[in-house]
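Below is one structure, written out as structure tokens, with a few remarks after it.
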Amino acid sequence: MSSGNDSTDATVYGSNTHTYVLGYQEVVEIVLNNFDPGKHPFHLHGHVFQVVERSDASPDDETFLTYNPDEPGTINEYPMRRDTVYVRPNGYFVLRFLSNNPGVWFFHCHIEWHLQQGLALTLVEAPAEIQAQQVIPDDHYAACKAGGYAYEGNAAGNTVNLFDLTGEKLQPKPLPAGFTARGIVALVFSCISAFVGMGFITWYGLSDLKTTEREVAAIVGEPLDDSDESK
């Protein structure tokens with residue numbers, strides 16, 4: 001809302017938001033190739049799209065069926081309209097809609113932990129029309145202020161240079177592959193502690209409980225009944 005003419009440049013929305021800027025009243029196609037042997041239900045906010053084409057599942061995990069615009073598959077004469085559709089294992093789909101609803105819309109996998117891992121993108125649709133037609137309520141600004149979030153400028157809150165993303169919020173770095181040196185040290189000491197603990201438990205279980213009870217009785221000053229052979 002505050003980026004002016006620069007609102008049509010996806011850079012201002014951050015390097016970690018997977019943003020695509022759409023013009024107004026354009027026919028938009030989303031082509032998704034699934035390089036995963038699982039199904040993924042994808043949902044688009046703000047639109048009901050046409051499912052122009054959707055491949056079958058791949059016959060095996062090593063073969064990928066990808067969309068080829070020069071050799072498209074069977075296109076439905078009357079495409080079904082949905083806001084959610086799943087892509088088949090190692091397959092693809094082609095979605096189509098008209099960008100006639102200015103706004104910021106999310107396109108994402110509807111499996112929650114996949115979404116949390118970043119299987120999503122952001123569509124900024126007709127940003128000039130958003131600025132001209134929409135007004136952000138004051139309570140929305142108040143919520144941002146209360147939470148300490150920037151509400152002007154680019155994704156980093158920079159209002160001077162909208163293409164300077166210094167300080168933007170980023171996702172955590174990927175976990176390292178395999179064990180790190182710190183992880184190996186922690187694993188070794190954890191194993192040592194486990195064996196020492198089992199050793200103490202074994203020692204305690206094999207110890208002379210009668211002698212132990214005599215020592216306890218001597219400490220508390222109570223006589224031990226020697227007639228009870230269980231002690």
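Note that the structure is predicted; figures quoted are calculated from it, not measured.
Listed for the Glu125 side chain is a donor-acceptor partner under 3.5 Å among the backbone atoms of Asn101. Between the side chain of Ser55 and the backbone N or O of Tyr92 there is at least one donor-acceptor pair closer than 3.5 Å. Using modelled atom types, no side-chain atom of Asn33 and backbone atom of Thr66 make a donor-acceptor pair closer than 3.5 Å. In this structure, Glu26 contributes its side chain and Gly23 its backbone to a donor-acceptor pair below 3.5 Å.
Taking a 4.5 Å side-chain heavy-atom cut-off between Ile, Leu, Val, Met, Phe, Trp and Tyr, the cluster of Met198 extends to Phe195. Cluster partners of Tyr24 are absent, since no Ile, Leu, Val, Met, Phe, Trp or Tyr has side-chain heavy atoms less than 4.5 Å from it.
Remark: Phe97 engages His47 in a ring pair (Phe, Tyr, Trp, His ring centres under 6.0 Å) (not counting sequence neighbours). Shown here are the ring pair (Phe, Tyr, Trp, His ring centres under 6.0 Å) partners of Tyr86, two or more places apart in sequence or in another chain: there are none.
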In sequence, state the C-alpha distance, the side-chain angles, and the governing distance for Phe107 and Tyr20, and then conclude on side-chain contact (heavy atoms from CB on, under 4.5 Å).
CA-CA 11 Å; Phe107 179 64; Tyr20 292 84; over 6 Å; no
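Contacts classified as salt bridge (charged side-chain N to carboxylate O under 4.0 Å, His left out) and involving residues 91-101 (residues at least two apart or in different chains) are given here: Glu29-Arg96. Contacts classified as side-chain hydrogen bond (donor to acceptor under 3.5 Å, both in side chains) and involving residues 128-151 (residues at least two apart or in different chains) are given here: Ser7-Gln131.
Aromatic ring centres of His108 and His45: separated by under 6.0 Å.
A distance of 10.0 Å separates CG of Asn16 from OG1 of Thr122, quoted to the nearest 0.5 Å.
Side-chain contact check for Ser3 and Asp6: no donor-acceptor pair (N or O, by modelled atom type) lies under 3.5 Å.
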